[in-house]
Amino acid sequence: MVKRNPNFGKLASSYLFVEIRNRKEAFMAANPDAKLIALGIGDTTEPLPAVIVEAVKAKADAMGTREGYQGYPEPYGEDDIRK
């Protein structure tokens, strides 16, 4: 029988963006006069800029080939897409 990795039990049970919202609300409740610039989630009311769409498409096309496949990216993202 396969043993469960004990580190799975250390994972948070909530979704990251819910956690960000909860911490922001708690901070603002404790500091009502604070001026907070929240950069944690972003604005999903606007479409992605065309340059981003094209970069993601190009990367996805490359990842579909043996030559272009790179495996998992670094945690902060792909440098060539981030530029």
Side-chain angles (χ1 to χ4, degrees):
M1 181 174 187
V2 176
K3 291 183 180 179
R4 181 175 183 249
N5 184 327
N7 290 315
F8 283 122
K10 297 176 185 176
L11 293 173
S13 61
S14 68
Y15 186 55
L16 176 61
F17 293 142
V18 172
E19 182 66 24
I20 292 170
R21 184 201 63 209
N22 291 344
R23 289 183 186 206
K24 182 178 97 174
E25 288 177 357
F27 175 82
M28 292 308 295
N31 303 279
D33 295 328
K35 293 185 179 183
L36 179 68
I37 299 173
L39 302 175
I41 297 176
D43 182 357
T44 60
T45 63
E46 296 293 325
L48 294 172
V51 66
I52 293 174
V53 172
E54 294 308 315
V56 171
K57 284 180 183 177
K59 190 65 170 184
D61 286 341
M63 291 290 283
T65 67
R66 286 224 176 261
E67 299 78 25
Y69 182 75
Q70 297 178 342
Y72 286 113
E74 292 296 324
Y76 54 82
E78 294 286 333
D79 286 339
D80 56 336
I81 292 178
R82 291 172 51 108
K83 292 176 186 174

Chemist: Identify which one of Glu19, Arg23, Lys24, Glu25 satisfies the side chain to side chain contact (heavy atoms under 4.5 Å, CB included) criterion when paired with Arg21.
Modeler: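 Among Glu19, Arg23, Lys24, Glu25, the one meeting side chain to side chain contact (heavy atoms under 4.5 Å, CB included) with Arg21 is Glu25.
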
Chemist: Distance check, rounded to the nearest 0.5 Å: Glu54 atom CD versus Lys59 atom NZ?
Modeler: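 The CD atom of Glu54 sits 15.5 Å away from the NZ atom of Lys59.
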
Chemist: Applying the 4.5 Å side-chain criterion to the ILVMFWY set and letting contacts propagate, would Leu36 and Ile20 be lumped into a single cluster?
Modeler: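 Per the 4.5 Å side-chain linkage, Leu36 and Ile20 are not co-clustered.
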
Chemist: Write down the atom of Gln70, the atom of Met63, and the distance for their closest heavy-atom approach.
Modeler: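 It is N-SD, 3.5 Å.
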
